[in-house]
Structures are given as structure tokens and as C-alpha cells.
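Here's the structure, in C-alpha cells; my notes come after.
Throughout, a chain's letter reflects where its sequence line sits, starting with A, and its residues are numbered from 1.
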Number of protein chains: 2
Amino acid sequence: MGATKTQKYTEIQNELAGVAKALGHPARVAILQLLASKQSCICGDIVDELPLSQSTVSQHLKELKNVGLIKGNIDGPSVCYCIDLEAWNQAKAKLATLFDSYKDPSCC
Amino acid sequence: MGATKTQKYTEIQNELAGVAKALGHPARVAILQLLASKQSCICGDIVDELPLSQSTVSQHLKELKNVGLIKGNIDGPSVCYCIDLEAWNQAKAKLATLFDSYKDPSCC
DNA sequence: ATGCTTAATCGTAAAAATACGATTTAAGTT
DNA sequence: AACTTAAATCGTATTTTTACGATTAAGCAT
């Protein structure tokens with residue numbers, strides 16, 4: 001029960017791919033850059049910053065939320081999004097592990 | 001002439017998303033892990049290691065090659081794939097820059 | 001309660017990704 | 001030259017992603 005969907009790949013492979021996929025669209029990269037740079041976390045201003053419709057941005061936000069990289073706090077009529085530090089650091093660590101696993105070019 | 005396709009996003013955003021997208025599938029993560037770990041770079045053995053057909057693996061390899069992360073050297077009848085150190089380090093740096101740009105949670 | 005603003009969801013269309021078998025191309029062998 | 005092996009490409013089906021407008025829901029004003 002509750003198997004992780006794909007048993008073809010290791011958990012690490014699926015997790016890494018999941019995070020990477022979330023970063024795999026320039027709009028989502030832009031959103032994360034925005035959230036990372038702003039002192040206060042922004043809300044629907046994200047929509048104004050992106051060349052996309054409100055519903056599309058909302059969809060991208062949802063995807064980022066699904067992988068845990070961001071979270072949203074309801075703030076009056078609007079919603080305040082921000083980076084989830086823990087997930088952020090975990091994603092960072094996973095990617096770093098992959099990238100650090102290649103040392104020197106022993107061939108080619 | 002030769003504009004970079006999407007002017008909606010910055011070059012960095014597109015590049016980052018491009019690399020991330022390449023990492024956004026467990027099969028490609030598995031391939032990179034393999035290439036990173038093996039002393040000698042492997043060839044079609046990749047096919048044997050993955051739960052996918054030869055043609056599908058070839059497609060994944062092509063994608064990784066397209067973003068530059070790997071390159072293939074013809075070695076007799078087979079092809080020897082390996083990680084491209086320079087592109088690898090650039091990708092690593094780009095991702096690190098993004099992940100390091102978020103310091104501390106000033107809100108939420 | 002009514003209206004206004006903000007954001008999520010729905011429905012849907014179009015494009016891209018994924019996967020496979022079959023075929024082709026290339027490099028060695030015999 | 002004919003054969004074998006390895007890998008790329010082709011054609012195609014299926015699924016997923018991306019994007020939008022329209023609608024709904026939620027929160028705050030008046």
C-alpha cells in the first residue's frame with residue numbers, strides 16, 4: 001500500500017527528477033528567483049511580473065507547491081507565497097549530491 | 001537573426017530551466033548517475049541498466065546530449081558516453097546560484 | 001447583504017514528452 | 001561482399017504539459 005508510483009527507479013532518482021522537473025520551466029524559475037530575492041514574499045504580484053495569464057501562473061504555483069518548494073499563506077484577500085526553507089535545502093542537497101558525484105573525467 | 005527562441009524570459013532563466021528539464025526524468029537521472037559513478041564511461045550498457053527499450057534510451061541520451069551534459073565518442077561499433085565536465089560544472093554553478101540566492105526566511 | 005478584489009479551479013485546446021517497434025546507418029568480422 | 005552487432009532515426013500512439021478564458025470561491029469593504 002502506498003507505494004511510490006514508480007518502482008522502476010530508485011526513490012532518489014524519482015525525487016531528484018521531481019524537483020528538477022519543477023525547475024524545468026522558465027516561468028517557474030522566474031517565480032523562484034522572485035521569491036528568493038524579495039525581502040517580503042510576494043503574492044499575486046507574481047502574475048504582473050510574468051508574461052502569463054493569472055490562471056497559468058496559478059498552475060505553475062501549484063506545481064511548485066506540489067513538490068514542496070514553496071508554500072502559500074492566506075493574507076486577507078490575497079495569498080502570500082514564499083519558499084519553503086526545508087524543502088529548498090533538501091532539493092539543493094539532492095542536486096549537489098548528484099553534481100558532486102562526478103569527480104574527474106577518467107575517459108573521453 | 002538567431003534570437004534565442006523565447007524572449008519572454010531571461011537567458012539565465014531559460015538555461016536553468018533547460019538543464020533542469022533535462023534532469024526532470026528519472027531515467028535521465030539514472031543515466032547521469034551511471035556515467036558519474038563508472039570509472040570508465042559506459043556505452044550501450046546503459047540500455048541494460050534501464051527498464052526501457054533501446055530506442056527510448058537513445059532518445060534520452062540525445063536529450064542529455066542536446067543540453068550538453070554528456071557527449072558520445074564512437075568506439076568501434078559502439079558509442080562511449082560520458083559526462084561533459086565543462087557543461088556539468090556550468091549546470092552545477094547555475095543551479096547553485098539559484099539555490100544560494102535564498103538566504104533566510106524573512107516572512108511566512 | 002452587495003460589491004470588489006484576489007486567487008483557485010474548471011473546461012478545453014494545442015503542443016510537447018514519453019515510449020515502443022521497425023527500420024536504417026555505421027563499424028567491425030569473417 | 002555478406003554478416004553481425006550497436007546505436008540512431010522514423011513513424012506513431014499515448015500521455016502529460018502548457019496555456020487560456022470563464023467560472024467559482026474567499027475575504028474584505030461599504
Anything under 3.5 Å between a donor and an acceptor, one on a side chain of residues 43-51 of chain A, the other on a protein residue two or more places apart or in another chain? List them.
none

Query raised in the report: Can you give one letter per nucleotide of nucleotides 16-28 of chain C, going 5' to 3': B for a protein heavy atom under 4.0 Å from the base, S for sugar-phosphate only, - for none?
Result: -SBBBBB----SS
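One atom, CD1 of A:Ile70, and another, C1' of C:dA8, lie 13 Å apart when rounded to the nearest Å. Computed from coordinates, the B:Ile31 CD1 to D:dA7 C1' distance equals 13 Å when rounded to whole Å. Between the C1' atom of D:dA19 and the CG atom of A:Leu61 lies a distance of 14 Å, rounded to the nearest Å.
Taking the side chain to side chain donor-acceptor pair (under 3.5 Å) definition, one finds that B:Ser101 meets it with nothing, sequence neighbours left out. Scored by the side chain to side chain donor-acceptor pair (under 3.5 Å) test, A:Lys21 finds no partners at all (sequence neighbours excluded).
Note: A:Phe99 and B:Trp88 have tilted aromatic rings, judged against thresholds of 30 and 60 degrees for the angle between ring planes.
Taking only side-chain nitrogens and oxygens, B:Tyr81 comes nearer than 4.0 Å to OP1 or OP2 of D:dA8. For the OP1/OP2 pair of C:dA8 and a distance below 4.0 Å, the side-chain nitrogens and oxygens of A:Lys62 include no atom meeting the criterion.
For the salt bridge (charged side-chain N to carboxylate O under 4.0 Å, His left out) condition, the pairs that include at least one residue of residues 87-99 of chain B, sequence neighbours left out, are A:Asp100-B:Lys92, B:Glu15-B:Lys94. The stretch residues 52-66 of chain A participates, sequence neighbours left out, in these salt bridge (charged side-chain N to carboxylate O under 4.0 Å, His left out) pairs: A:Arg28-A:Glu63.
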